[in-house]
Student: 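This is the structure, below, for whatever I ask next.
Worth knowing before you read on, the calculation uses all heavy atoms, side chains too, and leaves out hydrogens, waters and symmetry mates. Below, chains carry the letters A, B, ... as their sequence lines are ordered, and counting in each starts from 1.
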Amino acid sequence: MLQDSIRTYMNNHIDLLFTYFNEFADTCIKNNYLDNFNRKSISIDFSSKSRQGDISSNFYLVAIKKISDKQFNLKDELLSGIHNLAFIDKCEISKNGFININIKKKFLIEQIQYLLNEQTQFGKSNEGNGKKVNVEFVSANPTGPVTVAHMRGAVLGDVISSLLSNTGHQVTREYYVNNAGSQIDILGKSLFKRYLELHGEKVELNSNEYPGEYLIDIAKLIKKKDGDKWLNYDSIDREEYFKDFAVKYLIEFIEKDLMLLNIKFDKFSFEKDIVNSSIINDLFNILDKKNLLYNGILEKPKGDDSEDWEPREQLLFKSSSILDDQDRAFKKSNGEWTYFANDAAYHLDKYNREFNKLINIWGADHVGYIPRMKSVLKTIANKDDYLEIVTCQIVRLIKNNKILKMSKREGNFITLQEVYNQVGKDPLRYFMVSTKSETSMDFDLNKVIEKNKDNSVFYCQYAYARASSVINKAEDLGIDIKSFNNFDEIIKYLTKDEIEIILKLLSYPYIVKLASNAREPHRLTNFIEDVSASFHSFWNKGKENESLRFIDENNIIKTQTKLIWLQSMRLVFENIFNIIGIDYHETM
RNA sequence: GCGCUCUUAGCUCAGUGGAUAGAGCAUCGGUUUUCUAAACCGAGGGUCGCAGGUUCGAGUCCUGCAGAGCGCGCCA
């Protein structure tokens, strides 16, 4: 396993070059030719259209600023050093200071061989070193079906989890169920009213109660099971029963909804368990020991013109001394823990379960809570970045060129299932991660199901299908690469366009690493769209120029050359589709 | 009033402090007896919201301003 990952790491020309630059810098610094500098400023560009070589770097520009020994000839030393690297064909430094490098074709072929050998392992690395990461996402209140408000975070969390697995982390997908507190009280009451209704009583729902019809279905289940047992059962037991019953079924609904998108959780954690455990006292003690808790009165929030505000003394968390701009309520004035206190205790629970890192996926409406929660975790874990919070902005739904407005209060929110029924899993998953999560996004229900190149999912899946059709057709003609071993020979047959596609494919492991480290799945969708475009373009060249067609029955080795990179492309696509969680088909 | 996020082509969006800012859609003009035309090729289209600053170099970093979104007592 470790050996494999080292092989992956060392085999990639981009990583090899990074390693070389760092070693070069180390040596120069040791000999006092260069001052020390931040290695993160070194970039290797493998995709720029304006580049001169196969890949390029700013290393010379960065290093030349740090020369401390004026006798030192950076340019010559660097060039001769790079030239000595086994995989380098050509290397020069342009007038404006960029290093442009061409890779030996033999080396590219070796990497393609390696790719074909690795199959679905290609691009996976052990960067994470088996670190335990907890990714908490969705965590929607169990008061109704999953709505569109949660679908972006749901897919984002799932795909980030996959990315982390691909880079050698041990990932737990977790859902925090808020099954305590007043919203659940209201849920229980709403359900009881539906139950009464089923027994012929006329009921009216208050404006804050849940009107959804799903509660009628759940009430029917209670009626079927218990009959009229609860009608005159006026007690706390009854309230608890209705609350727990509602939550149990709603969590099942939620799991089913998320399964539509093929999202599964490893663990559900319940707020009620946190409340009933001693963990919140543990947290109290940790914070109290550090003098971060005190009784005080919060100021009236500015901009709040409500008249029922009144100063109240309560237990406060001194988050302003850590990362927040003000202190936050830890207990309500009636002595109960606040939601925040419970949630913070839940995070302590995760910490106690010995995760190396916690990642939360939060919606835009929770960004105000980031500083206080990070303050808690900084105190607990003594690390700034132990808790990482990825936020995603809202998704507006567009249909027939109109924005679909919804409001939870009026009960006309759109559910995940409704959207799923209209567009299906693949477009939904793909588009939810194809833009930066911090940017608000428009999701056009008409456009995402179109079957043309305006629809990136289709465009990429179509590229995969076309590549498959060539491979299958070749196989029908008796040409395949199953026992191909004449790799030295194919160098002659590769065209410039093909080498460009191969270079892109070989940069895939690096893309995965970047996407994983930045928690940015859209880097993958950008990448696959780019490769798809190159592929479609190449395909059409075969129409104008017959020598560029994939299959040439009179030239088996040339055909096999193409099959080799086509198969490589298919493997890379499969890996990406698997991470994003969408299907691929050999015919469409 | 305060905080966070965002502002790049007509539209939807990419863009590691580096080279002449890129895709797709839309518009206009081309390409199908062919391995999937559900595709490809070409053209036009830009004050990177505005103004300063840091830097050899800024769409990218900093400050201010404007606009949009989200949030701002014990709710969850």
Student: Of all the choices, A19(B), C75(B), U34(B), which nucleotide is nearest to the side chain of S56(A) once you look at every atom?
Tutor: A19(B)
Student: May I ask you to say what N96(A) touches in the nucleic acid, namely base, sugar-phosphate or nothing, with a heavy-atom cut-off under 4.0 Å?
Tutor: base
Student: Is there a Watson-Crick or G-U wobble partner for A58(B) with both distances under 3.5 Å, and if so, which one is it?
Tutor: none
Student: Between C40(B), C35(B), A76(B), which nucleotide gets closest to the side-chain atoms of Y339(A)?
Tutor: A76(B)
Student: What is the minimum heavy-atom distance between R549(A) and G542(A), and which atoms define it?
Tutor: CG-O, 3.1 Å
Student: Using the salt bridge (charged side-chain N to carboxylate O under 4.0 Å, His left out) definition, which of the options K541(A), K562(A), K504(A), K558(A) pairs with E498(A)?
Tutor: K562(A)
Student: Under 4.0 Å between any heavy atoms, over every strand shown, what does A180(A) touch: base, sugar-phosphate, or nothing? Just pick one.
Tutor: sugar-phosphate
Student: With C1' as the reference atom in both, quote the distance from U63(B) to C56(B) in angstrom, rounded to an integer.
Tutor: 23 Å
Student: Syn or anti for U63(B), taking syn as within 90° of 0?
Tutor: anti
Student: For the C1' atoms, the ones on G45(B) and on A9(B), what distance do you get once it is rounded to whole angstrom?
Tutor: 6 Å
Student: Looking only at atom C1', what distance separates U47(B) and G1(B), rounded to whole Å?
Tutor: 33 Å
Student: Could you walk me through whether N360(A) and H347(A) satisfy the side-chain hydrogen bond (donor to acceptor under 3.5 Å, both in side chains) test, starting with their C-alpha distance in whole Å, then the side-chain angles of each, then the deciding distance to 0.1 Å, before giving a yes or no?
Tutor: CA-CA 10 Å; N360(A) 292 355; H347(A) 282 76; 2.8 Å; yes
Student: Expressed as a whole number of angstroms, how long is the span from R396(A):CZ to U12(B):C1'?
Tutor: 11 Å
Student: Return whichever of W337(A) or H585(A) has its heavy-atom-nearest nucleotide of RNA chain B closer to the 5' end.
Tutor: H585(A)
Student: Take atom P in A37(B) and the same atom in A21(B), then report the distance between them in whole Å.
Tutor: 35 Å
Student: Should the side chain of N342(A) and the base of A76(B) be counted as holding a donor-acceptor pair, with the cut-off at 3.5 Å?
Tutor: no
Student: How about V419(A) and F443(A): do any of their side-chain heavy atoms sit closer than 4.5 Å?
Tutor: yes
Student: With F330(A), which of L292(A), N295(A), L287(A) fulfils side-chain contact (heavy atoms from CB on, under 4.5 Å)?
Tutor: L287(A)
Student: If I take atom NZ in residue K562(A) and atom P in nucleotide C35(B), what distance separates them, rounded to the nearest angstrom?
Tutor: 17 Å
Student: What does nucleotides 62-71 of chain B look like as a protein-contact string, B for base, S for sugar-phosphate only, - for none, at under 4.0 angstrom between heavy atoms?
Tutor: -------SSS
Student: Check this one for me: any side-chain N or O of K436(A) less than 4.0 Å away from OP1 or OP2 of G15(B)?
Tutor: yes
Student: Surrounding CD of E313(A) (heavy atoms of other residues, nucleotides or ligands, distance under 6.0 Å), is the total greater than 12?
Tutor: yes
Student: Using a 4.0 Å heavy-atom cut-off across all strands, classify S469(A) as base, sugar-phosphate, or nothing.
Tutor: base
Student: Any cation-pi pair here, R39(A) with F37(A), using under 6.0 Å and within 45°?
Tutor: yes
Student: Assign I370(A) to base, sugar-phosphate, or nothing according to its heavy-atom contacts below 4.0 angstrom with the strands shown.
Tutor: nothing
Student: Taking the P atom of each, how far is C62(B) from U16(B), in whole Å?
Tutor: 15 Å
Student: Using the C1' atom on both, measure U54(B) against C40(B) and round to a whole Å.
Tutor: 46 Å
Student: Would you classify P371(A) as touching base, sugar-phosphate or nothing, given that sugar-phosphate means primed atoms plus P, OP1 and OP2, and contacts are heavy atoms under 4.0 Å?
Tutor: nothing
Student: Indicate the atoms forming the closest heavy-atom contact of K272(A) with N179(A), along with that distance.
Tutor: N-OD1, 2.8 Å
Student: Touch check for S456(A), heavy atoms < 4.0 angstrom, all strands: base, sugar-phosphate only, or nothing?
Tutor: nothing
Student: Would you indicate what K65(A) reaches in the nucleic acid, counting non-hydrogen atoms under 4.0 angstrom: base, sugar-phosphate, or nothing?
Tutor: base
Student: Of all the choices, C35(B), C40(B), A14(B), which nucleotide is nearest to the side chain of T439(A) once you look at every atom?
Tutor: A14(B)
Student: So, does S41(A) get its side chain near the phosphate of G17(B), meaning an N or O under 4.0 Å from OP1 or OP2?
Tutor: no
Student: For the side chain of N526(A), counting heavy atoms from C-beta on, which of A38(B), U16(B), A14(B) is nearest?
Tutor: A14(B)
Student: E438(A) has a side chain; which of C6(B), C35(B), C13(B) sits nearest to it?
Tutor: C6(B)
Student: Side chain of R549(A) only, please: which of A14(B), C40(B), C35(B) is the nearest?
Tutor: C35(B)
Student: Evaluate whether the aromatic ring of Y462(A) and the six-membered ring of the A39(B) base sit under 5.5 Å apart, centre to centre, with an inclination under 30°.
Tutor: no
Student: Hunt down the Watson-Crick or G-U wobble partner of C35(B), both distances under 3.5 Å, from any strand shown, or write none.
Tutor: none
Student: Could you tell me if R372(A) sits above the aromatic ring of Y369(A), with its cationic atom closer than 6.0 Å to the ring centre and no more than 45 degrees from the axis?
Tutor: yes
Student: Reckon M441(A) touches a base, only the sugar-phosphate, or nothing at all at heavy-atom distances under 4.0 Å?
Tutor: sugar-phosphate
Student: What nucleotide, of A39(B), A14(B), C75(B), holds the atom closest to the side chain of K332(A)?
Tutor: C75(B)
Student: Below 4.0 angstrom from OP1 or OP2 of A37(B), is there any side-chain N or O of R466(A)?
Tutor: yes
Student: Using the P atom in both, what is the distance from G15(B) to U55(B), to the nearest Å?
Tutor: 28 Å
Student: With salt bridge (charged side-chain N to carboxylate O under 4.0 Å, His left out) as the criterion, how do K350(A) and E174(A) come out once you've worked through the C-alpha distance, each side chain's angles and the decisive distance to 0.1 Å?
Tutor: CA-CA 10 Å; K350(A) 286 195 271 190; E174(A) 187 152 330; 5.6 Å; no
Student: So, does H522(A) get its side chain near the phosphate of G15(B), meaning an N or O under 4.0 Å from OP1 or OP2?
Tutor: yes
Student: Give L298(A) one of three labels, base, sugar-phosphate or nothing, depending on what nucleic acid heavy atoms sit under 4.0 Å from its own.
Tutor: sugar-phosphate
Student: Got a donor-acceptor contact below 3.5 angstrom from the S437(A) side chain to the T391(A) backbone?
Tutor: yes
Student: In terms of the nearest nucleotide of RNA chain B, which residue is placed more toward the 5' end: S434(A) or N334(A)?
Tutor: S434(A)
Student: With a 4.0 Å cut-off on heavy atoms, is E586(A) in touch with a base, just the backbone sugar-phosphate, or nothing at all?
Tutor: base
Student: Please report the distance, rounded to the nearest Å, between CG in D45(A) and P in G22(B).
Tutor: 12 Å
Student: Using both distances under 3.5 Å as the test, list the Watson-Crick or G-U wobble partner of U47(B), or none.
Tutor: none
Student: Expressed in whole Å, how much space separates the P atoms belonging to G49(B) and C13(B)?
Tutor: 15 Å
Student: For D442(A), which contact category applies under a 4.0 Å heavy-atom criterion: base, sugar-phosphate, or nothing?
Tutor: sugar-phosphate
Student: Under a 3.5 Å limit for both distances, which nucleotide forms a Watson-Crick or G-U wobble pair with U5(B), could you say?
Tutor: A68(B)
Student: Considering only heavy atoms and no angle criterion, is a donor-acceptor pair shorter than 3.5 Å present between the side chain of N540(A) and the base of A39(B)?
Tutor: yes
Student: Look through every strand shown and name the nucleotide pairing with A21(B) as Watson-Crick or G-U wobble, where both distances are under 3.5 Å.
Tutor: none
Student: Regarding S375(A) and S319(A), do their side chains bring together a donor and an acceptor under 3.5 Å, going by distance alone?
Tutor: no
